[in-house]
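Index from 1, following the sequence. Since the structure is predicted, the reported quantities are computational estimates derived from the model, not experimental observations.
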Amino acid sequence: MTAWHPPAPLSAGSGAPIRVLICEDQALVRAGYVTIFSAQPDMEVVGEAADGHAAVEAARALRPDVAVMDIRMPLLDGIEATRQLAGPGTTAGTRILVVTTFNVDAYVYEALRAGASGFLLKDAPPAELVNGVRTVVRGESLLAPAVTRTLIGEFAARVRAPDGPAPAPVPAPGPGAGPDAAQEREQEREREQEQERLKVLTPREHEVLGLLSAGLSNAEIAAELVLSAETVKTYVSRILTKLDLRDRVQAVVLAYRAGVAPGRR
């Protein structure tokens, strides 16, 4: 099911509103999002989608600035929809804000790998949802701090260090108990490739990446390294440029894939 909304009128002196697409299979939740975002003077809801296929079609047709994406949807899940809209090689230009429940950490991680610009919890207050949309449309990533550190700690505990013991497998979305031997070899090859990419970073940039991937904000990284917040911002920008990454979320994902993300909580 897809619903397209007529353009909202602009108030005098305003710029173009942020165009938001709601991708959520639960009708009541979807209606709540529409109400919240439509009430903002700088936003307009351009459409709704109740399944993943409809979300991809609507995003390609309507070209929203941000798609608010549920993960568990019929026909095509939110992870694959995100990959098709924001994954490697895509040019849609739509940023994906995943809104999910806390008990699906593995799904959230896979959504970030698929190209999502951030995630929030479904029980986040309206002001946080609105701020989340504004954050990702500015080109910044959004990792809810209270969730990020738990999520990162959970996955860091499962990521095998190059010389460490094998971890318990992380269930992938959908059926299946865990990675088989071929998948483990592929993960090892992927880790080596990502570690090779990281060689372009200076020792200080490695430090900043490690703290960033632990869920620390710029201010917290500055305090940890005894630097100014502006200096940390510059380091983060350099890291993203050198590694050809879109935002902080991609940096966190790369750190996991390289096996260098610390297990902070």
Side-chain angles (χ1 to χ4, degrees), residues 1-11 14 16-82 84-86 92 94-112 114-138 140-148 150-151 173 249:
M1 188 278 287
T2 306
W4 294 10
H5 291 217
L10 295 181
S11 59
S14 67
I18 299 170
R19 295 165 52 80
V20 181
L21 173 66
I22 308 299
C23 310
E24 164 63 54
D25 64 324
Q26 297 183 49
L28 286 177
V29 176
R30 194 167 63 248
Y33 288 160
V34 171
T35 299
I36 291 169
F37 295 124
S38 296
Q40 308 307 310
D42 60 339
M43 296 182 188
E44 67 169 320
V45 176
V46 296
E48 305 170 42
D51 64 71
H53 279 307
V56 172
E57 291 176 357
R60 288 173 175 168
L62 298 171
R63 303 186 69 82
D65 299 305
V66 178
V68 177
M69 185 78 68
D70 186 21
I71 287 182
R72 290 178 173 176
M73 290 192 293
L75 302 184
L76 185 72
D77 64 43
I79 294 172
E80 183 55 35
T82 295
Q84 292 185 24
L85 293 173
T94 297
R95 296 189 179 275
I96 310 297
L97 175 61
V98 171
V99 182
T100 185
T101 53
F102 183 66
N103 62 349
V104 285
D105 288 353
Y107 295 129
V108 174
Y109 177 69
E110 289 302 323
L112 298 180
S117 289
F119 71 88
L120 289 172
L121 301 182
K122 274 193 174 180
D123 61 359
E128 194 169 331
L129 290 170
V130 169
N131 181 63
V133 167
R134 291 180 180 135
T135 297
V136 298
V137 85
R138 289 196 303 265
E140 302 173 16
S141 62
L142 181 70
L143 293 170
V147 180
T148 302
T150 302
L151 175 67
V249 172

Worked verdict on L85 versus I96 for side chain to side chain contact (heavy atoms under 4.5 Å, CB included): CA-CA 8 Å; L85 293 173; I96 310 297; 4.2 Å; yes
Qualifying residues under salt bridge (Lys or Arg N to Asp or Glu O under 4.0 Å), relative to R60, sequence neighbours excluded: none
R95 side chain vs V136 backbone, donor-acceptor pair below 3.5 Å: yes
Minimal non-hydrogen separation, A67 against T94, with atom names: N-CG2, 3.7 Å
Main-chain N/O of G115 paired with T82 side-chain donor or acceptor, under 3.5 Å: no
D25 side chain near D51 side chain, heavy-atom distance below 4.5 Å: no
Stepwise side chain to side chain contact (heavy atoms under 4.5 Å, CB included) check, Y33 with V20: CA-CA 10 Å; Y33 288 160; V20 181; over 6 Å; no
Distance-minimising heavy-atom pair for A116 and V98: CB-CG2, 3.7 Å
Non-hydrogen side-chain atoms of V133 and Q40 separated by less than 4.5 Å: no
Closest non-hydrogen atom pair, P64 against A59: CD-O, 3.4 Å
Flag, side chain of E24 to backbone of Q26, donor-acceptor distance under 3.5 Å: yes
Any residue meeting side chain to side chain contact (heavy atoms under 4.5 Å, CB included) with I36, in chain and number order, not counting sequence neighbours: P126, L129, V130
Minimum heavy-atom distance D65-P17, with the two atoms named: OD2-O, 3.8 Å
F119 CZ to M69 CE distance, which is reported to the nearest 0.5 Å: 16.0 Å
R30 vs D70, salt bridge (Lys or Arg N to Asp or Glu O under 4.0 Å): CA-CA, chis, key distance, verdict: CA-CA 10 Å; R30 194 167 63 248; D70 186 21; over 6 Å; no
Heavy-atom side-chain contact between L62 and R19 under 4.5 Å: yes
Closest non-hydrogen atom pair between S38 and V45, with its separation: OG-CG2, 3.5 Å
Point-to-point distance, once rounded to the nearest 0.5 Å, from CG of D77 to CD1 of I71: 8.5 Å
